[in-house]
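All remarks here apply to the structure that follows.
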Amino acid sequence: MRRIAILNQKGGVGKTTTAVNLAAALARAGQRICVIDLDPQAHATTHLGVNPDGKAPSIYDVLTDTRPLAEVRRKIEDRLWLVGSDINLAAAEVELSGVVGREVILRDLLHQDEGNFDFILIDCAPSLGVLTLNALAAASEVFIPLQPHFLALHGLSKLLETTSLVARRINPGLKVTGIILCMYEANTRLAQEVTEDLRSFLERGQSQAVPWANARIFETRIRRNIKLAECPSFGQSIFSYAPHCNGAQDYQALAAEVLGDTSVLSAKAEVDDRGRVHVIEFESSSTPITQPTAAPETK
């Protein structure tokens, strides 16, 4: 089971969008996925169509009352489950302040759930408090969504320092697997320059004993797409809301890359009159592929 914390202390960089839509893409690829919303804003919960009204059990009950995850999670669709959040989680930082071992509560409870899922995706709060420490202690990998702006690089160094500290003191197996470039605009010089600066930074870390020594920039770029901004208000992933848009194609390609299948990177596709997606060209393959891939039927 891969346990992945999706983390950036800066808001508005595509963190929740990535957590939800990557989870949906992996589920459609046949994986069993559980999303854990560890953000008091409960954006991932809302994005998946669950009302965070504070009445149903949530991750707050897991952390403060050690309630089993199996009693809290709910099935959203085939192969996709959610452990939701609500505003009560904001009080957890204070309530856990005097609890011994507060940083590893989630890790210990996930051990009881070992084997039930192929992936655990943890949507972290845009902060570096007790909730985020729980995510880093429980995770084996960190994905960092990043908007390609220069200011984002400054925040990245602080985030990597935190992962290094957690790896030394709490979770020696923690690794930063990769960085996901979101809201990407390929035709701008800024995006290209920031990407090159980021690549150079990661190359310098390869010779050091740090959690990001083997980190990479995912080849898939999540392009700026208005459909990705619209779908949370409908409580749907991009695959339910607009399965043929650029955003759906990008997250499908990202999921394939996470699974180690690079054959669908930079795919170009067309939709036939029955709503089926046909991949017609791959930049990473010299052989065109015309076999239809699964896609939700349109009404």
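The nearest pair of heavy atoms linking Ser240 to Glu77 is OG-OE1, 4.2 Å. Closest non-hydrogen pair, Ser58 versus Gly84, comes out as CB-O, 3.4 Å. In terms of heavy atoms, Cys245 sits closest to Asn225 at SG-OD1, 3.5 Å. Residues Ala248 and Phe239 approach most closely at O-CE2, 3.4 Å, considering heavy atoms. Annotation for His149 and Leu190: closest pair CD2-CD2, 3.8 Å, computed over non-hydrogen atoms.
Without hydrogens or angle criteria, Ser233 side chain to Glu230 main chain gives a donor-acceptor distance under 3.5 Å.
Side-chain polar atoms of Asp123 and Thr16 form a donor-acceptor pair below 3.5 angstrom. Between the side chains of Thr220 and Tyr251, no donor-acceptor pair is found at a separation under 3.5 Å. Side-chain contact annotation: Thr195 with Arg199, donor-acceptor N/O pair under 3.5 Å absent.
No continuous path of hydrophobic side-chain contacts links Leu254 to Val13 [ILVMFWY only; heavy atoms under 4.5 Å]. Residues Leu26 and Phe143 fall within the same hydrophobic cluster, defined by Ile, Leu, Val, Met, Phe, Trp and Tyr side chains chained together at heavy-atom separations under 4.5 Å.
Inter-residue side-chain proximity for Thr46 and Pro52 is flagged as met; some heavy-atom pair is nearer than 4.5 Å. Side chains of Leu202 and Arg216 form no contact here, defined as non-hydrogen atoms less than 4.5 Å apart. The shortest side-chain heavy-atom distance between Arg224 and Met183 falls under the 4.5 Å cut-off. The closest side-chain heavy-atom distance from Leu159 to Ile144 is below 4.5 Å. Here the side chains of Glu71 and Pro57 are not in contact, with every heavy-atom distance at 4.5 Å or above. Looking only at side-chain heavy atoms (C-beta outward), Ile222 and Asn21 stay at 4.5 Å or farther from each other. Within the 4.5 Å cutoff, no side-chain heavy atoms of Ile179 are placed close to those of Trp212. Side-chain contact between Leu136 and Asn171 is absent, with no heavy atoms from C-beta onward closer than 4.5 Å.
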Worksheet item: Is there a side chain to side chain contact (heavy atoms under 4.5 Å, CB included) between Gln9 and Thr132 once you walk through the steps?
Response: CA-CA 9 Å; Gln9 78 275 21; Thr132 298; over 6 Å; no
Practice prompt. Apply the test side chain to side chain contact (heavy atoms under 4.5 Å, CB included) to residues Thr18 and Cys182: give CA-CA distance (whole Å), side-chain angles for both, the deciding distance (0.1 Å), then the verdict.
Written response: CA-CA 8 Å; Thr18 294; Cys182 299; 3.5 Å; yes
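Partner Thr45 forms a side-chain contact (heavy atoms from CB on, under 4.5 Å) with one of Asp39, Asp37, Asn51, Val35 and no other, that one being Asp37. A side-chain contact (heavy atoms from CB on, under 4.5 Å) with Arg2 is found for one member of Val258, Leu259, Asp118 and no other, namely Val258.
Partners of Thr64 by side-chain hydrogen bond (donor to acceptor under 3.5 Å, both in side chains), not counting sequence neighbours: none found.
Within the hydrophobic cluster formed by Ile, Leu, Val, Met, Phe, Trp and Tyr side chains joined at under 4.5 Å, directly or through other members, Ile122 is accompanied by Met1, Ile36, Leu38, Ile59, Tyr60, Val62, Leu63, Leu69, Val72, Trp81, Val83, Leu89, Leu96, Val99, Ile105, Leu106, Leu109, Leu110, Phe117, Ile120, Val130, Leu131.
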